[in-house]
Amino acid sequence: MRFFKMKLPAGLSTIILCALILLSLQLMSSATQESSKLSAMYSWLLWINGAGSIALLGLVGVNLYSLTRQLKRREAGSRLTIRMVTLFVVLALSPAGIVFYFSMQFLHQGIDSWFNVEMDRAMEDALELSQASLDQRIRWNLMQTQQLVEKIAELPESQAGLELENFRVLSNAAEMTLFSRQNRIIASSSTNPSDILPSLPDEHTWLQLRQNGEYAALATVRKEELMIRIILTLKGKDPRYLQALYPVPVRIADLADSVEFAFVRYQEMNFLRGSLKMTFSLALSLVLLMSLLAAIWIAFISIRMIIAPVKELVKGTQAVASGKYDQQLPVIAQDDLGFLVESFNEMTQRIARASQETRIASFEVENQRAYLETILANLTAGVMSFDANHKIRTANQAAYKIFHVPVTQFVGETLLKLAQDYAELAEPLKSIQRFLEQSDDIWQQRLAFLGSNGRQELLCRGTPLFSQDGRKVGAVVVFDDVTDLIQAQKNAAWGEVARRLAHEIKNPLTPIKLSAERLQHKLADKLIDATDADMLQRSTRTIVQQVEAMKEMVDDFSEYAKPSKKQAVNIDLAALVQEVLSLYVVKSGVHFNFHSENYDLMIYGDPVSIRQVLHNLIKNALEAIEEKGQIDINLHRVQKNNIDFIEIALYDDGIGIKEQQLEQIFEPYVTTKIKGTGLGLAIVKKIIEEHGGAIWVDASRKIGAGFIIQLPAL
C-alpha cells in the first residue's frame, strides 16, 4: 500500500504532462491553418513544442543514464527493463516511421497538386473573366456618358446644371458632377441627398484626364463602395468636364474581390510553396518526435512500475538466499505479478516455518552432538570414527592421551599416514587399519607396542557402521590403554607371591640358622680330626650365610609386597640428585655428568622413596659398566597434555639391555645379574607410579642403557 501511495504523484504528474503535450500539439496543428486565430502564435508554439521536445529528450536521457548505471551495477530487473524498452521503441518506431514517411509523401504530393498547370490556368482565367466583365461594364457606362456629354454640350451652362438631375436619373448613375476648366464644381446631382459634396477626383485622375481627354476606371468612393468613375471633356469655347459615378452591383463586386483575393493568395502560396512544405513537415516531424519521446518516457515509467514487483521479488529472493526467510513483499495489484508475489510470500512463510523447525532440530542435534562430544571427551577410552574409505573422521581427547599424538590433525587421512609420521605407532596402527579393511563384523584385539612411555598394551574393539539400506558407511574403533591395569594385576600377583614366600620361607630360616650354629657349637670340640672340624665349620658357615641371604631376599619380597608409607613433602629434585651423586663420586674409573636446567625443578613426594629410586638406578648402572665408564644424568622440564613434568634421564655406556628383555624389565624376578633378585626395577617402577609418574627404557639408546623418569612438577 505504501508503494502505491509513493507512485500516485508520479502517475498524476505524468498524466498532466501528457495532457499538456497533447494540448500544445493541437494548438500548433491549429496554428498551421492561416484562417485560425492562432496562426500569429505559430512561432511561439513552435518554440514551446521544441522546448518540450528537448525536455522530453532530457527525461528520456536521464532514464537511459539511470538504466545504464543500474545495468553496470547489475541491479535486479535492469536487463529486463532494457529489453522491454528496446522492444517498445522498435515496435513503436517501426510503424511510426512508416506512417511518417508516407505522410510526408502525401503531404508534399498534395501541396504540389495544389499548384499544377491546370490550377494556374484556372486561376488566371477566372481573374481574366472577372476583369473582362468589369471592362465590358465600364465600356457600356462610357458609351452612356458619351451620349450624355453630347447632349449637355449643346446646352448653356445655366440650363445644363438644371438638366443634370434628369440626365443622372436617365443614365442610372449614382452621382453626376459638372466641373469647370479650373476644376470648379458647376453642378452636382446624387442619389443620396445627404451628400453635400460630390466625390472629387484626385490629382492623378486629373493628370490622366488631361493626357487622354477621358478617364474610365473602377474607383472606391465613400464607405468603401466600388463604383465606375467616368470623366469626359465637354468641347466648346470654354471646356468643361462631366464626372459620372456608376454603381457596380454588389454581387459582381464581391465576386471580383473574391477572384482577385484568391488569385493573389494563390500566387503567394505558390511563391511560398517550399516554406509551406517546410512548415508542415516541421510540424509533422515535431508531432512525431514529441509523440515518440513522450511514449518512450511513459514506457520507462510504465516498465519501471511493471518491473518494480519483479525487482522486489529479486530482492526478496536475494534476502531468502542470504538467510532472511521471513521476507514479505507488498502486494501491489491483483494481477499475475500480484499472484506471483502472493506465492512468493506464501513460499517464504513456509520456508521460515521449515527453517525454524530445522533450526530447532539443528539446535537439538547440536545439543546432542555437544553432549556426545562431552561424553567422548571425558571417556578414558579412546574413540575414533572412520568413513567408508577408512579415513579418520573424528577422535576424542583420550586418543591423544593414549597415543600422545594430535590425531585430530590427521582427520581425512588413513591410519597408514599417521604410521608414516610416527614410526613407534606403526605396528598397532597398521593392525587396526588391517582390521578395518578386512572385517565387516565386530572385532576385538589386544595390541602391544613400545610407545614413548615404554611398553603399552591396548584393548581395541571395532564396530562397522551401516546405513539404512545396508551399505557400509564407516566404522568406530574404541581402544583402552590396559597397560596400567595389566601391570597392576601383575604387581598384585607378584605382591601376593612375595607375601606368601616371605611368610612361608622366613619362618623356617631362623631354626635352620640356630640348628647350624648349635651343631657347630656342640660338635666343634668333639671332632678330633682337623679335617672334619674344618669341614664342619665351613658347612655351618655356608648354611648361616645362605640363610642370611635368604633373609635379605625375603625382606626384599616383604618390601615389595607391603603398601607404601610415604611422607610427602616439597622436594628440590636437582638438589636431591646432587646429594645422591655425592655418595658415588669417589668410585674410581667412573665419570658422572650431571646437567640441570636453571628452572624450578620442584616435585611433591617422599624423599626417602625417591632417593631409593636413584640409588637403585645408579647401582644398576655401576654394575653394568663394571670398573670404567660414564654415567649421564639430565634434569629438565617437559609438558605433556598441558601438564608440567620434571624429567630425569639417566644413561650409561655399559653392556645395555637385550631387546627381548625390554618388555619384562620392570617385572619382578627379571634380572640380567647373576646374584640379582629382579626386584630392584620393579620396586623403582612401583615408587614412581605411586608418585603419579612414569618410567620407561629409552629404546633409541644404541650404547648402554637409558632410563627416563617423568614426575609431576609443582
Next on the checklist: Would you compute the distance between atom OH of Tyr241 and atom CG of Leu178 and round it to the nearest 0.5 angstrom?
Outcome noted: 11.5 Å
Checklist outcome for this item: Taken to the nearest 0.5 Å, the spacing of Leu209 CG from His204 NE2 works out to 11.5 Å
Checklist entry - Take atom NZ in Lys151; do more than 12 heavy atoms of anything else shown fall under 6.0 Å from it? => result no
Checklist entry - What do you reckon, is CZ of Arg210 surrounded by more than 12 foreign heavy atoms closer than 6.0 Å? => result yes
What are the two closest non-hydrogen atoms of [X] and [Y], and how far apart are they?
X	Y	answer
Ser199	Leu245	CB-CD1, 3.7 Å
Ser189	Arg168	OG-NE, 2.7 Å
Arg393	Val411	O-CG1, 3.4 Å

pair [X]-[Y]: side-chain heavy atoms closer than 4.5 Å:
X	Y	answer
Asn367	Phe363	yes
Ile230	Gln144	no
Leu200	Thr177	no
Ile228	Leu142	no
Leu164	Ile186	no

Checklist entry - Does Asn389 reach the main-chain N or O of Lys391 with its side chain, forming a donor-acceptor pair under 3.5 Å? => result no
Checklist entry - Are the side chain of Ser190 and the backbone N or O of Glu175 linked by a donor-acceptor pair below 3.5 Å? => result no
Checklist entry - Among all residues two or more places apart in sequence or in another chain, which pass the side chain to side chain contact (heavy atoms under 4.5 Å, CB included) test with Leu207? => result Gln211
Checklist entry - Mind checking what makes side chain to side chain contact (heavy atoms under 4.5 Å, CB included) contact with Pro201, not counting sequence neighbours? => result Phe179, Thr205, Trp206, Arg229, Ile231, Gln243
Checklist entry - Given the rule in the side chain to side chain contact (heavy atoms under 4.5 Å, CB included) test, do Met176 and Leu148 qualify, once you have shown the distances and angles that lead to the verdict? => result CA-CA 11 Å; Met176 279 192 178; Leu148 291 176; 3.0 Å; yes
Item to check | side chain to side chain contact (heavy atoms under 4.5 Å, CB included) between Ser171 and Tyr246, intermediate numbers included | outcome: CA-CA 9 Å; Ser171 62; Tyr246 296 96; 4.1 Å; yes
Checklist entry - So Phe386 and Ile392, side chain to side chain contact (heavy atoms under 4.5 Å, CB included) or not? Walk me through it. => result CA-CA 5 Å; Phe386 300 85; Ile392 300 173; 3.7 Å; yes
Item to check | Counterpart residues, side-chain hydrogen bond (donor to acceptor under 3.5 Å, both in side chains), relative to Arg139 (two or more places apart) | outcome: none
